[in-house]
S.K.: 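Handing you this structure, nothing more for now.
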Amino acid sequence: AVDLAGNQSANASAYTFAVFTVNPDAPVISAVGGSDRVVSGLLNDNLVTGTALAGTTITVLSGSTVLGTTTTGSNGAWTYALTPANLTTLGQGADSITAVARDPVGNASAASTAFTFSVDTAGAAVSSIALTSATGALNGFLNVGDMVTASVTMNEAVTVTGVPLLQLLVGGAVVNATYDAANSTS
């Protein structure tokens, strides 16, 4: 450039910039809750992972509710950790989420294909206990050494590990029942 006195300035340094004229492609959600698609409260089981254009901001949505945002890495990979508040919003059971990518100037992609998964962070609970037999019971009362068979029904399928403990209140005292794995079913 030349000023009014005829002085010429030095050449300006080259400047590189990107022009975003089209919206980015929709992101892809590749996993939620691991390979079983169940968010269960296990370590890292709350991760949503996917891919999109490198350098974009990803917004994770449940319907129109924004769960949160994350940014893609230089390889286009992204991860979002579902928070306890997100899990409350989603609720227990079957769910689906989508994601939208925004480039650095704010151009938004279409929503990703919905990814379906389940949330199961609530522990199993006893729904009923029934005494199905009482060997040795006399006049409806149990005595020391009597054999009682109890059927315990849970509110969902469970896998028994270790030795479960069933406590019974007998005559005002808590008595621990013995688990018989050989005669148990799911």
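These numbers were taken from a predicted model, which means no experiment stands behind them.
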S.K.: Please lay out, stage by stage, how Thr56 and Arg102 fare under the test side chain to side chain contact (heavy atoms under 4.5 Å, CB included).
M.R.: CA-CA 5 Å; Thr56 56; Arg102 287 193 189 279; 5.9 Å; no

S.K.: If we count only N and O atoms by modelled type, under 3.5 Å, do the side chains of Ser40 and Asp45 hold a donor and an acceptor together?
M.R.: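 Note: Ser40 and Asp45 side chains meet the donor-acceptor criterion.
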
S.K.: Which heavy-atom pair separates Ala124 from Val158 by the least distance, and what is that distance?
M.R.: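 Smallest heavy-atom distance, with atoms named: CB-CG1, 3.4 Å.
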
S.K.: To the closest 0.5 Å, what do you measure between CD1 (Ile97) and OG (Ser62)?
M.R.: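 That separation rounds to 8.0 Å.
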
S.K.: Scan Thr59, Thr89, Leu87, Val48 and name whichever one has a side chain to side chain contact (heavy atoms under 4.5 Å, CB included) with Leu67.
M.R.: Thr89

S.K.: Under the side-chain contact (heavy atoms from CB on, under 4.5 Å) rule, collect the residues that match up with Thr57, sequence neighbours excluded.
M.R.: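 Applying side-chain contact (heavy atoms from CB on, under 4.5 Å) to Thr57 gives Thr69, Thr71.
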
S.K.: How long is the span from the OG atom in Ser96 to the CZ atom in Phe117, to the nearest 0.5 Å?
M.R.: 7.5 Å

S.K.: For residues Val126 and Met154, determine if any side-chain heavy atom of one lies less than 4.5 Å from a side-chain heavy atom of the other.
M.R.: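 In short, these two side chains touch, coming nearer than 4.5 Å.
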
S.K.: Check Asp95 against Gly91 and note the closest heavy-atom contact, atom names and distance.
M.R.: OD2-O, 3.3 Å

S.K.: Sub-3.5 Å donor-acceptor pair from the side chain of Asn176 to the main-chain atoms of Gln167, do we have one?
M.R.: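 Judged by distance alone, no pair lies under 3.5 Å.
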
S.K.: Between Thr98 (side chain only) and Thr113 (backbone N and O only), is there a donor and an acceptor less than 3.5 Å apart?
M.R.: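 Here the side-chain-to-backbone pair does not exist.
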
S.K.: Quick one about Asn86 and Thr83 (side-chain donor to acceptor, distance below 3.5 Å, no hydrogens or angles considered), yes or no?
M.R.: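 Yes, because at least one side-chain N or O of Thr83 sits under 3.5 Å from a partner of the opposite role on Asn86.
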
S.K.: Membership question, hydrophobic clusters at under 4.5 Å side-chain separation (ILVMFWY): are Trp78 and Val100 in the same one?
M.R.: no

S.K.: Is Asp120 close to Gln92 at the side-chain level, that is, under 4.5 Å between some pair of heavy atoms?
M.R.: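 Of all side-chain heavy-atom pairs linking Asp120 with Gln92, at least one is under 4.5 Å.
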
S.K.: Between Thr72 and Leu53 (side chain of the first, backbone of the second, donor and acceptor by atom type, cut-off under 3.5 Å), is there such a pair?
M.R.: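 Yes, because the side chain of Thr72 sits within donor-acceptor range (under 3.5 Å) of the backbone of Leu53.
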
S.K.: Measure the CD1-OG1 distance between Ile58 and Thr70 for me, rounded to the nearest 0.5 Å.
M.R.: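 Rounded to the nearest 0.5 Å, the CD1-OG1 separation comes to 8.0 Å.
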
S.K.: Hey, can you pull the donor-acceptor pairs under 3.5 Å for the side chains in residues 22-33, sequence neighbours left out?
M.R.:
| unit_1 | atom_1 | unit_2 | atom_2 | d |
| --- | --- | --- | --- | --- |
| Asn23 | ND2 | Ala108 | O | 3.1 |
| Ser30 | OG | Thr49 | O | 3.2 |
| Ser30 | OG | Thr49 | OG1 | 3.3 |

S.K.: How long is the straight-line distance from OG1 of Thr79 back to CG of Asn44, given to the nearest 0.5 Å?
M.R.: 9.5 Å

